[in-house]
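To keep things clear, I will list the structure first and then write my remarks on it.
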Amino acid sequence: MAQLWGGRFTKATDQMVYDFNASIIFDQKFFYQDIAGSTAHVKMLARVGILTDKERDDIIAGLEGIKADVESEKLIISSEYEDIHSFVEANLIDRIGDTGKKLHTGRSRNDQVALDMRLYTRDKVEATSEALEHLLETILGIMEENVDTIMPGFTHLQKAQPITLAHHMGAYFEMFKRDCLRLSDIRERMNYCPLGSGALAGTTYPLDREYSASLLGFDGPCLNSMDGVSDRDYLIEFLSALCTIQMHLSRFSEEVIIWNSNEYRFVEIDDAYSTGSSIMPQKKNPDIAELVRGKTGRVYGALTSLLTTMKGIPLAYNKDMQEDKELSFDAMDTVINCIVLFDGMLSTMKFNKEIMEESAKKGFTNATDAADYLVMKGVPFRDAHSIIGRIVLYCIDKNIAIDDMTLDEFKSMSPVFEEDIYKAISMDTCVNKRLTVGAPGHDAMLQEIKQCKLFLNK
Ligand code: ARG
């Protein structure tokens, strides 16, 4: 048991209490951030004259030594320390003696942990953005190659109208684009430094908070010291953004699973991203997509957990806040892994274009356009809807598509039909006449792709 706060106590902590209270098994994740925060803090202390330049240099050299030794595994972060802050400080004092005891001047573990967590989260916000941008590039690549790949669009998972694969992918591009924008908003809003908030009420030392904030890449210090030590909003915002990303990935996974099924066969997942069955030799399962879908639950759990933890906490720091870490770390790692794996699966997936187009043809996806054809010839829409409804029933009975009917058959349903019906309801016409902004028609899609490229600075 290595504690920073023995002075006031006459009895040792009960071992179970110690274990329950300790956080080192998980807060060692922000070891690097703790070293970076302490380094900035001592630079600032020297700048305002609280430490000499020599003391500053000795402390920084000591911190660098600890970092190098942990990296080379000469020094192991062990659970004999209460938390990562105690580990670093105790090792510093071991190495450089009394000067090391000056590190914590004008600082509390409350602002220290608030800083470490914020630095760690900021790194993860950036890593998530990067992974998302890569995924967006993969999606854009599929869009560019499939502007003319026709497939059925669905509502209620029933074939609705023909679209293109580019159009379908473009919907996901928009979702992940919004996710990226959300992350950059969060990064901007969270980028203020809690260091110097002290335990809750700032400190009597003349700290230069602007300076330490700038050393750590922040836009400035947090403006209220009580908020500085107890704000976890940024984390809640990030978890919420992660939940939305994961929700998007899960919807996409659901589609991949359906498309990869024996019935659909729209896509084939690459061998490298599928798994087999221990008993059924024919099986090739979409486990990655299923796991991405499945892991959504734990990410939602992290958000719900932190919201619940925070809701009853009076100002300022309370130990409850230590609970902000484990599930958040898990959610951050889970979502980044899911993005990267999903990206890999998507970029190696084969699209069975003929099957997709055939499915659009077979599914009466041109029924709306057939009704529109009649409207163009002067039939009121409600009547046209009913005529085409009867045609669909007729075709189902004969197991044919609408365009398989002879002109005589068409005419028996309505005398208005002419030879030009075939062109009017071809898949190509159905898609390419839809040219409003955001529609699947060839030229509209090229415009959309242009916007996507602009977003990715391409
Ligand atoms: N391990 C603690 C946490 O994660 C560090 C802050 C401890 N502060 C205190 N006053 N006990 O929140």
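Whatever order the structure lists them in is the order used to number ligands and atoms, beginning at 1. For reference, positions follow the sequence shown, starting with 1.
- Ion pairing between a basic and an acidic side chain is recognised when a charged N comes within 4.0 Å of a carboxylate O; K177 and E174 show such pairing.
- For ligand 1, the atoms sitting less than 4.0 Å from at least one non-hydrogen atom of Q322 are 1 (N), 2 (C), 3 (C), 4 (O), 12 (O), numbered in the order shown with element in parentheses.
- Here D369 pairs with R434 in a salt bridge; the nearest charged N to carboxylate O distance falls below 4.0 Å.
- In this structure a side-chain-to-backbone donor-acceptor pair under 3.5 Å is present from T52 to E55.
- Proximity to K325 (heavy-atom distance under 4.0 Å) selects the following atoms of ligand 1: 3 (C), 4 (O), 12 (O).
- Using a 4.0 Å cut-off between a side-chain N of Lys or Arg and a carboxylate O of Asp or Glu, E144 and K453 qualify as a salt bridge.
- Aromatic pair Y192/F218: ring centres not closer than 6.0 Å.
- Which parts of ligand 1 touch S23 is read off a 4.0 Å heavy-atom cut-off, strictly below it: atoms 1 (N).
- Distances below 4.0 Å separate heavy atoms of Y317 from the following atoms of ligand 1: 2 (C), 3 (C), 6 (C), 7 (C), 8 (N), 9 (C), 10 (N), 12 (O).
- When hydrogens are left out, the protein atom nearest atom 9 (C) of ligand 1 is N110 OD1, 3.5 Å; that is the closest non-hydrogen contact.
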